[in-house]
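See structure below.
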Number of protein chains: 2
Amino acid sequence: MKVSTVDIEKTAMLLKLLGDKTRLTMVKILDSHDCCVCEFVEIFKMSQPAISQHVRKLKNVGIVGETRRGQWVIYSLNKQSEYYPLIQDLLEHLPNQDDKLQELEEQGLRISCE
Amino acid sequence: MKVSTVDIEKTAMLLKLLGDKTRLTMVKILDSHDCCVCEFVEIFKMSQPAISQHVRKLKNVGIVGETRRGQWVIYSLNKQSEYYPLIQDLLEHLPNQDDKLQELEEQGLRISCE
DNA sequence: CGCTTATATAATAATACACTTATATATTGA
DNA sequence: TCAATATATAAGTGTATTATTATATAAGCG
């Protein structure tokens, strides 16, 4: 079966972007749940600026989009991205990360994001 | 359908490794043809040590193996690697690179590798 | 409006990366 | 055994990356 192909240079750029444990996990999580920065801060036990900077990189190549909801900015995977078919195939090889959000839920730290 | 999953940390490491235009192209080429260093030097118009260093990185994580054939060292994709299922899915999204080897062939620079 | 919370941005410092040049090793063949 | 070819390794260098700290912006609320 035929699969959408992406230029090798752009693909290398994408893989480098996803070649970071934090960003890769973010994308895996975002594939099933939208999230805001403060949730990622909790999940990754990382400073807020560090998280913002990772998110920005994902936004810059268009694989993540944002919506403001009150004081929060909700991030989501952009499933219209030219890269999404590849990302989707990639993510299938990763173990589910739902436990991370569940932990937040139990601590009452989950935001209204859905 | 169920797909083999790899630890998220190891996957990030793999993606970082493949997040380089040269290495990604190497892997795409190796998926259909074994090659030696001197061929890569021609294809990428890059110094021999630079090529050797890229190949070494691919070897170090076990996705590429080597066989000596005379004075040449022939590199091939290790299809037994735990990463291969993921790599295979990835490569499907890349355009064919056969033109690069064909060019070598025409210049009579293709080695006995098959 | 001023305080709090959420997020972004800028400057900086430590580390990692991908080349280069120089040199070493291994195989072939005269 | 010596020269040529193929490859590997080491050291050095410029650039990229990822974190930190400090500060700016933006929305919500008393």
Side-chain angles (χ1 to χ4, degrees), chain A residues 8-9 12-27 29-30 34-61 64-76 104 107-114, chain B residues 8-10 12-27 30 34-61 64-76 104 107-114:
Chain A
I8 218 161
E9 198 144 352
M13 178 278 292
L14 177 73
L15 297 184
K16 179 187 286 184
L17 190 72
L18 298 180
D20 174 278
K21 187 188 187 249
T22 304
R23 287 191 297 265
L24 186 59
T25 310
M26 280 180 174
V27 169
I29 291 174
L30 289 175
D34 295 353
C35 277
C36 61
V37 166
C38 61
E39 292 174 313
F40 284 142
V41 168
E42 277 305 317
I43 290 172
F44 295 108
K45 309 289 179 215
M46 211 174 260
S47 77
Q48 175 267 313
I51 295 294
S52 274
Q53 283 163 35
H54 281 301
V55 167
R56 178 168 49 178
K57 289 188 180 190
L58 298 174
K59 243 174 42 191
N60 282 346
V61 301
V64 154
E66 67 178 80
T67 326
R68 185 171 273 277
R69 179 136 75 202
Q71 48 188 161
W72 296 283
V73 179
I74 311 296
Y75 290 96
S76 56
L104 281 198
Q107 299 174 255
L109 293 171
R110 189 90 167 84
I111 305 303
S112 57
C113 335
E114 206 286 289
Chain B
I8 218 162
E9 197 145 353
K10 287 166 104 178
M13 176 279 293
L14 177 72
L15 296 184
K16 179 186 286 184
L17 190 73
L18 298 181
D20 174 277
K21 189 188 184 248
T22 304
R23 287 190 297 262
L24 185 59
T25 310
M26 279 180 175
V27 169
L30 288 175
D34 296 354
C35 276
C36 61
V37 166
C38 61
E39 291 173 313
F40 283 142
V41 168
E42 278 304 317
I43 290 171
F44 296 106
K45 309 289 181 212
M46 210 175 262
S47 76
Q48 175 268 313
I51 295 293
S52 274
Q53 282 162 31
H54 282 302
V55 167
R56 178 168 49 179
K57 290 190 178 193
L58 298 174
K59 243 173 44 188
N60 282 345
V61 301
V64 154
E66 64 177 82
T67 326
R68 184 171 273 279
R69 179 134 76 200
Q71 50 188 158
W72 296 284
V73 178
I74 311 296
Y75 290 97
S76 55
L104 282 198
Q107 301 175 256
L109 293 171
R110 188 92 167 84
I111 305 303
S112 57
C113 334
E114 207 284 289

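Throughout, a chain's letter reflects where its sequence line sits, starting with A, and its residues are numbered from 1.
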- Item | Per-nucleotide protein contact string for nucleotides 12-17 of chain C (B base, S sugar-phosphate only, - none; heavy atom under 4.0 Å) | -----S
- Task: Considering non-hydrogen atoms only, spot the tightest contact between Leu104(A) and Ile43(A) and give its length.
- Result: CD1-CG1, 4.0 Å
- Quick one: does Glu66(A) reach the base of dT7(C) with a side-chain donor-acceptor pair under 3.5 Å? no
- May I have the step-by-step check of side chain to side chain contact (heavy atoms under 4.5 Å, CB included) for Trp72(B) and Cys38(B), ending in yes or no? CA-CA 8 Å; Trp72(B) 296 284; Cys38(B) 61; 4.0 Å; yes
Is there any protein nitrogen or oxygen under 3.5 Å from a nitrogen or oxygen in nucleotides 28-30 of chain D, and what are the pairs?
none

- Query: Taking only N and O in the side chain of Arg56(B), is any of them less than 4.0 Å away from OP1 or OP2 of dT9(D)?
  - Reply: yes
- When you check the phosphate oxygens OP1 and OP2 of dA26(C), does a side-chain N or O of Arg68(B) lie under 4.0 Å from one of them? no
- Item | Value in whole Å for how far the P atom of dA8(D) lies from CD1 of Ile74(B) | 11 Å
- Can you see which heavy atom on Asp34(B) is nearest to which on Ser76(B), and at what distance? OD1-CB, 3.2 Å
- Task: Using whole Å, report how far CD of Gln53(B) lies from C1' of dT20(C).
- Result: 9 Å
- Lys57(A): side-chain contact (heavy atoms from CB on, under 4.5 Å) partners, not counting sequence neighbours: Leu17(A), Arg23(A)
- Query: Does His54(A) put a side-chain nitrogen or oxygen below 4.0 Å from OP1 or OP2 of dA19(D)?
  - Reply: yes
- Heavy-atom closest pair, residues Ala12(A) and Lys21(B): CB-N, 3.5 Å
- Kindly give the heavy-atom pair with the smallest separation between Tyr75(A) and Val64(A), and that separation in Å. CD2-CG1, 3.7 Å
- Task: Could you go through the side chain to side chain contact (heavy atoms under 4.5 Å, CB included) check for Lys59(A) and Glu66(A) one step at a time?
- Result: CA-CA 8 Å; Lys59(A) 243 174 42 191; Glu66(A) 67 178 80; 2.7 Å; yes
- Message: Heavy atoms within less than 4.0 Å of DNA chain D: which residues of residues 41-51 of chain A have one? Give them sorted by number.
- Response: Met46(A), Ser47(A), Pro49(A), Ala50(A)
- Taken in chain and number order and not counting sequence neighbours, the residues that satisfy side-chain contact (heavy atoms from CB on, under 4.5 Å) with Arg68(A) are Val73(A)
- Item | Stepwise side chain to side chain contact (heavy atoms under 4.5 Å, CB included) check, Phe40(A) with His54(A) | CA-CA 10 Å; Phe40(A) 284 142; His54(A) 281 301; over 6 Å; no
- Item | Val55(A)/Met26(A) under side chain to side chain contact (heavy atoms under 4.5 Å, CB included): CA gap, chis, key distance, verdict | CA-CA 8 Å; Val55(A) 167; Met26(A) 280 180 174; 4.0 Å; yes
- Message: Test of understanding: with side-chain contact (heavy atoms from CB on, under 4.5 Å), list the residues that count as partners of Gln53(B), not counting sequence neighbours.
- Response: Pro49(B), Arg56(B)
- Write down the distance between CH2 (Trp72(A)) and P (dA27(D)), rounded to a whole number of angstrom. 14 Å
- Message: Output the rounded distance in Å from CZ (Phe40(A)) to C1' (dA6(C)).
- Response: 15 Å
- Task: Could you state the atom-to-atom distance from CE of Met26(B) to P of dA18(C) in whole Å?
- Result: 12 Å
